[in-house]
Number of protein chains: 2
Amino acid sequence: MQEVIQLRKGVPASANQASILDKLRKLVLSGEYPPGAPLPELFLADQFEVSRTPVREALKQLENEGLVEIRPKVGTFVRIPTRREIVELFQLKESLEGLAASLLARRGTVPELDILKRNIEESERAERRADAATYAELVHEFHWTIVKGSDNSKLAEHYGRLMNQLAYHRIVLETVERPARMRASIREHQSVVDALMEKDPVGAELAMRGHVSASSLAAARGADTGNAAGEKTQA
Amino acid sequence: MQEVIQLRKGVPASANQASILDKLRKLVLSGEYPPGAPLPELFLADQFEVSRTPVREALKQLENEGLVEIRPKVGTFVRIPTRREIVELFQLKESLEGLAASLLARRGTVPELDILKRNIEESERAERRADAATYAELVHEFHWTIVKGSDNSKLAEHYGRLMNQLAYHRIVLETVERPARMRASIREHQSVVDALMEKDPVGAELAMRGHVSASSLAAARGADTGNAAGEKTQA
DNA sequence: CGTAGGTTTGATGCATGCAAGAAGTCATTC
DNA sequence: GAATGACTTCTTGCATGCATCAAACCTACG
């Protein structure tokens, strides 16, 4: 992963600008460039073997996504998220996922149901063998399946933006999710699926919101003990 | 309105790039450039008396906001929204405003309550003298007061993006809001405020969602009879 | 008359040069 | 020694030129 492909000079190393944006986003989200780190255009341009222009456009986009901060005439820096923002984002997450579950329930019998059921089964297996990595991946898929299944592209769009901003804290969150929350979390997933099977929009929304809320609280507790990701990386 | 200010050559007509973005956004939202209209960089650069670069960056941002569509190597066009998107956006609106009302109620006694009460009084006066323009403005303020009052900047951010996309349809929506909805809408606003006064998050959320939902349905009915804004402006 | 192919046009994508501004540095002065 | 001031440096902001590509057009041929 992250393999740098070297092409002969003269040929643009990246297929297009979208590619640069993706790479940059990954580098930020993965923590390669930690919060507070400077992102000089010229440096990045050299890295990607392009000129400043496409890098500049990518940075603008990342600023728009809330991942970096552009201080005019000074420079671009990886954004340092505050605790407050995390809380705000979780509140939004709860609302959006609740809506997604509700919409999915209203759609009635859908193929997503089988996917979700299988997801729970796999999650249980991952939990039994204490496979935290797989488990985290499954949780991720579970939530995205519901959001995508809501059949509301605008919702998915906003949700994606939100999750990108929360991704900063993945390290904190996933570790927190592990110990005691796993079993409870699976039960909550199950109750969401139950409501979906009954085609009960209100029940599905409530179950989903309860689940997200519980996860958020656990994450918040974790963020209080373990320091939030990259607090104060710059002077 | 829309007066083009001519400045002497050499002095940038716009203070900075943010200014260009705002102007462009206004031009698109106001319908100056209708859905489907092309937005060539060079043309706009001449309009604003700047080079293509800042225009280009503004267009990128507008694409990100969902207002324009950039077709690579072809051109930029004002986005043509679909009916489906409108429905999706209203679903999101309901959810976000419900969350906002809930959060505001949780804050307890807040100065926003007085603002909302005054807003309802003014709305009633506007309704009595059939002042649709003022009424529409008041409705707008009412909803934004609640969103801002929720004290969740991320929520406000997402809500703003959403409302920008819905603003295309302001013509349709506001005209629809007028006839029979006005009185009902005011009653619904009142019930939201009632729940807020009782510091009842659940009640406030339900009242808000009911209100948004009712408005949306009315708007959807209107959009079915009156054609959606700017359907098929291009070939 | 319709279609296929080449050409022209017009727009964007990117590279690069230059100017302007912000922050830190260093020397000077009180 | 501390504060003030100019200066140096690093960065972005914008303008512009060239290459590239998509689409329309026009021509030639079946």
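We name chains A, B, ... by the order of the sequence lines, and we start the count at 1 in each one.
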**OP:** Give the ring-plane orientation class for B:H158 versus A:H158, where under 30° counts as parallel, over 60° as perpendicular and anything between as tilted.
**Re:**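 The arrangement is tilted - the two ring planes meet at 30° to 60°.
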Original post:
Relative to the ring of A:H143, is the ring of A:H211 parallel (under 30°), tilted (30 to 60°) or perpendicular (over 60°)?
Top reply: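 The arrangement is tilted - the two ring planes meet at 30° to 60°.
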Among [options], which is the nearest nucleotide to the side chain of [X]?
| X | options | value |
| --- | --- | --- |
| A:R56 | D:dT12, D:dA19, C:dA15 | D:dT12 |
| A:P40 | D:dT12, D:dA15, C:dG13 | D:dT12 |
| B:E57 | C:dA15, D:dC14, D:dT20 | D:dC14 |
| A:P72 | C:dA15, D:dG13, D:dA15 | D:dG13 |
| A:S51 | C:dT16, D:dT20, D:dA15 | C:dT16 |

**OP:** Starting from C1' on C:dG17, measure out to CD on A:E41 and report it in whole angstrom.
**Re:** 15 Å
Original post:
When you check the gap from the basic side-chain N to the acidic O, do A:R79 and A:E63 get nearer than 4.0 Å?
Top reply: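 Looking at A:R79 and A:E63, the cut-off is not met.
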Original post:
Is the closest basic N to carboxylate O distance between A:E205 and A:R209 below 4.0 Å?
Top reply: yes
Original post:
Toward the 5' end of DNA chain C, which comes first, A:T53 or A:V74, by nearest nucleotide?
Top reply: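 Looking at the nearest nucleotide for each, A:T53 comes out on the 5' side.
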Original post:
Ignoring hydrogens and angles, does a donor from either the side chain of A:R52 or the base of D:dG13 sit under 3.5 Å from an acceptor on the other?
Top reply: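 It does, because a donor-acceptor pair links the side chain of A:R52 to the base of D:dG13 below 3.5 Å.
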